[in-house]
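Here the structure is laid out as structure tokens; the discussion comes afterwards.
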Amino acid sequence: MIASLGLAALWMAAALAALQLVAGGLSLRGGNPALAGLVRPVAAVQGLLAVLSFAALVIVFWQTDLSVKLVAMNSHSAKPLLYKIAGSWGNHEGSMLLWVTIMGLAGGFVALIERRLPEPTMLATLAAQAFVSLGFYAFLLISSNPFERLSPAAPEGQGLNPLLQDPGLAFHPPTLYIGYVGLSVAFSFAVGALLTREVGPAFARAMRPWVLGAWLFLTIGITAGSYWAYYELGWGGWWFWDPVENASLMPWLAATALLHSASVLASRNALRAWTVMLGVVAFSMSMVGTFLVRSGILTSVHAFAVDPERGSFILGLLVINIGAALLVFALRAASVTEGERFALTSREGALVFNNVMLTGTLGIVLIGTLYPLVAEAMGLKVSVGPPYFNPMGAVFVVPMLVVLAVGPLLRWRRDRLGRVARMLAVPGLLAIGVGAWFAGSGFVGVLPVLGLALAAGLAVASFLPLAGRKLRTVKLPLWGMVVAHFGVAVALFGMAADAAFTTERLVAARAGQTVVVGPWKVFLRDVVPIAGPNWTALQADMDARYKDGPARDIHPQARSFWAPPQGTSESALVTRWNGQLYAVLGEQAEDGRWQLRLWWKPFVPMIWYGGLLIALGGLLALIGRVASDLRRIFAREKIAYRRQRQGR
Amino acid sequence: MNSAIKAKHQRLILVLVALAALIGAALMATWALRSQASFFYLPADMAADPPEPDRAVRLGGMVESGSIKRAADGVTIQFVVSDNKARIPVNFSGIAPDLFQENSGVVAEGKLRADGTFVADNLLAKHDEKYVPREMKDMTAAQARQTVAETR
């Protein structure tokens with residue numbers, strides 16, 4: 001019953017998306033006003049229907065309705081409630097439904113509240129959004145119906161992949177999806193502005209909050225995903241250059257570039273064509289990511305679809321959407337007139353540099369991610385890992401971080417480096433000092449030394465834009481920039497410290513034995529069997545002591561799930577302000593000793609604190625932008641009201 | 001007039017700089033990929049044409065029956081990966097994945113030492129029917145069937 005309602009809502013949403021596309025498209029060519037008036041309400045209702053459909057899916061998972069094939073394949077009646085609900089998007093069909101739901105919601109929000117641009121541009125934007133949505137509705141309804149029924153109903157479900165049975169699953173995919181799909185709004189704005197020849201500061205100002213919002217969620221999603229991989233996989237690493245991770249990093253890099261170029265366009269009316277192009281590229285990267293992750297072309301915990309038909313379908317959507325956008329771009333690029341000019345040494349110049357470097361990094365990641373797929377098609381099996389990504393990425397990221405320290409201090413249009421040199425002396429000398437100190441100590445690699453030096457300099461430099469200002473009058477977007485740039489320094493420090501200072505012990509220990517790792521003494525008391533709701537585990541009963549501090553109990557586990565049968569290892573963490581102790585329990589050797597793997601990772605949590613700071617910066621900027629937009633709207637309405645009274 | 005030319009120039013320079021950077025990135029990437037990508041070997045390939053000693057590669061095959069031996073330190077294991085044509089001894093220190101066992105498929109990441117022993121720093125085993133390391137997909141049908149049967 002509820003499954004049927006969900007399917008009906010999905011069909012209706014698809015039909016409304018078609019209507020939205022036709023009405024928006026026709027009114028672009030000067031159709032009648034009634035048709036144009038339809039577009040916004042239709043977009044809003046379409047979003048609502050998509051939400052209803054998704055709610056229906058969550059309910060059938062909640063009830064474990066085993067007459068729905070998807071539930072039978074991916075859920076189990078003995079699963080904790082949280083994972084029943086989160087399981088509704090922990091599979092291919094459900095996650096694609098979440099995708100279109102967010103897309104419909106985003107389009108609905110734009111339709112309801114975005115009124116700053118000329119109406120034809122908005123109609124074109126909403127039509128573009130409907131065009132993209134329609135493709136994904138078709139994908140769901142034709143080849144990935146989440147509400148497909150089983151007759152007779154299955155006696156019991158097959159369960160959810162244990163790796164996914166983690167609170168992280170409840171939040172990680174929706175957060176990332178809001179980011180991925182939020183970028184579709186930037187894509188639609190770019191297409192809409194191109195079609196109606198409205199590429200200018202007003203377009204950038206209207207698009208910017210949407211990009212900020214999507215970027216914010218992407219940042220949080222990537223940060224959370226990295227932490228999840230860190231503690232769940234039990235390998236002690238926080239980034240594996242796994243294609244799936246890269247799939248989320250690529251749209252983030254493009255969106256970061258887009259944010260910065262949009263701010264040039266909004267304040268200085270320059271970089272018009274480039275900004276529009278980035279709007280298209282950012283969402284294209286989201287779709288490339290979805291294709292990589294969902295097509296089954298890669299094998300990972302994220303690849304649910306193994307049906308080649310689905311892969312080709314997504315690839316088709318990707319080609320159609322990107323192709324159509326590039327076609328519009330090619331046809332209208334000539335009409336995008338040149339923006340304002342600027343000297344190379346200027347805020348614009350620094351931001352262009354940032355954009356080129358981010359795009360270069362994006363290129364490196366894209367090539368490294370696609371190369372194994374291309375090579376395999378030619379019969380060569382390779383994998384590409386850190387030895388490629390780390391140095392190649394650094395070639396672009398390091399110069400970008402240097403300019404990041406300088407750029408925010410420069411004036412728009414034209415400036416001299418001499419003017420800011422004195423301010424930069426402190427962070428510059430600090431960076432050189434830190435670099436020389438660690439390089440001299442000799443036990444740290446080149447990249448970690450560079451990272452530590454840059455992090456130190458950047459941490460100071462990120463606050464320089466506040467110098468000489470009254471802190472109380474500093475506007476929120478500027479605070480946002482300062483906090484986000486400081487976050488970059490903090491995250492970089494965490495990454496470099498982890499690479500430089502981690503100590504690791506791999507031992508076989510008897511109960512009653514103490515293992516020393518870095519400044520920690522870890523005492524293995526015993527290993528005991530325990531049982532959870534749908535698993536059993538061997539749990540190590542240990543206590544960890546930092547230097548001569550108090551002992552803290554830790555309990556790493558080796559878990560065995562029975563539906564489906566699979567083992568996972570649950571690491572145990574002890575977090576201090578200056579780092580983390582990471583413990584994993586392995587198997588028992590014949591002589592009764594237990595394998596233990598222990599890491600002391602100084603300052604590693606800074607990576608994720610930095611990520612959160614970057615997101616916080618985005619949030620501050622977003623609040624600042626939205627608040628000033630609201631103030632402007634209020635002021636305009638007040639003036640209109642006064643005029644009306646005077647006219648009377 | 002003069003400023004118009006300048007404007008065009010500036011745009012051109014920006015475009016050229018960006019293009020140069022991107023082409024440079026692409027060239028560097030291809031060069032780095034050629035030297036840094038880690039290739040996949042079957043035991044027979046590795047025996048016939050061994051990789052250079054300090055090069056990171058991946059070795060995939062079946063863990064030979066009765067070959068897993070534990071060293072006295074309790075954390076190092078030795079085993080033989082074979083494909084019925086060649087046998088490569090492997091050394092691994094660490095916590096082996098849960099489904100790592102004899103007569104079942106494995107992909108080892110690491111380097112081949114000059115003495116012919118493969119030193120693995122990571123092992124990937126088949127997790128379940130839904131997750132198979134990419135390389136294992138192409139094992140012969142018999143091997144795959146055996147793998148599935150053994151690990152079910």
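Within every chain, numbering begins at 1; the chains are lettered A, B, ... in the order of the sequence lines, protein sequences first and strands thereafter. Hydrogens, waters and symmetry mates play no part in the numbers below; they use all other heavy atoms, side chains included.
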Side chain, backbone, both or neither: which part of [X] has a non-hydrogen atom closer than 4.5 Å to chain B?
| X | result |
| --- | --- |
| F396(A) | side chain |
| R597(A) | both |
| V395(A) | side chain |
| Y388(A) | both |

Nearest atoms (heavy-atom pairs only) where G74(B) meets A508(A):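 Scanning both residues completely, I find the closest heavy atoms to be CA-CB, 3.7 Å.
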
With a 3.5 Å cut-off and sequence neighbours excluded, list the donor-acceptor pairs that the side chains of residues 12-33 of chain B form with protein atoms.
from, atom 1, to, atom 2, distance (Å)
T30(B), OG1, A26(B), O, 2.8
T30(B), OG1, L27(B), O, 2.8

Does any pair with a residue in residues 347-373 of chain A pass salt bridge (Lys or Arg N to Asp or Glu O under 4.0 Å), and if so which ones, sequence neighbours excluded?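 As it turns out, the salt bridge (Lys or Arg N to Asp or Glu O under 4.0 Å) pairs with a partner in residues 347-373 of chain A, which skip direct neighbours, are R268(A)-E348(A).
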
Can you find a heavy atom in the side chain of S569(A) that is under 4.5 Å from one in the side chain of I95(B)?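 Answer no - side chains too far apart.
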
Within a 6.0 Å radius of atom [atom1] on [X], are there more than 12 heavy atoms belonging to other residues, nucleotides or ligands?
| X | atom1 | value |
| --- | --- | --- |
| R414(A) | CZ | no |
| R593(A) | CZ | yes |
| R113(B) | CZ | yes |

Using a 4.5 angstrom heavy-atom cutoff, name the option from V356(A), L585(A), L506(A) with the most pairs to chain B.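 Most heavy-atom pairs within the cutoff with chain B belong to L506(A).
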
Can you tell me how far the OG1 atom of T76(B) sits from the CD atom of Q595(A), to the nearest 0.5 Å?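 One gets 9.0 Å once the value is rounded to the nearest 0.5 Å.
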
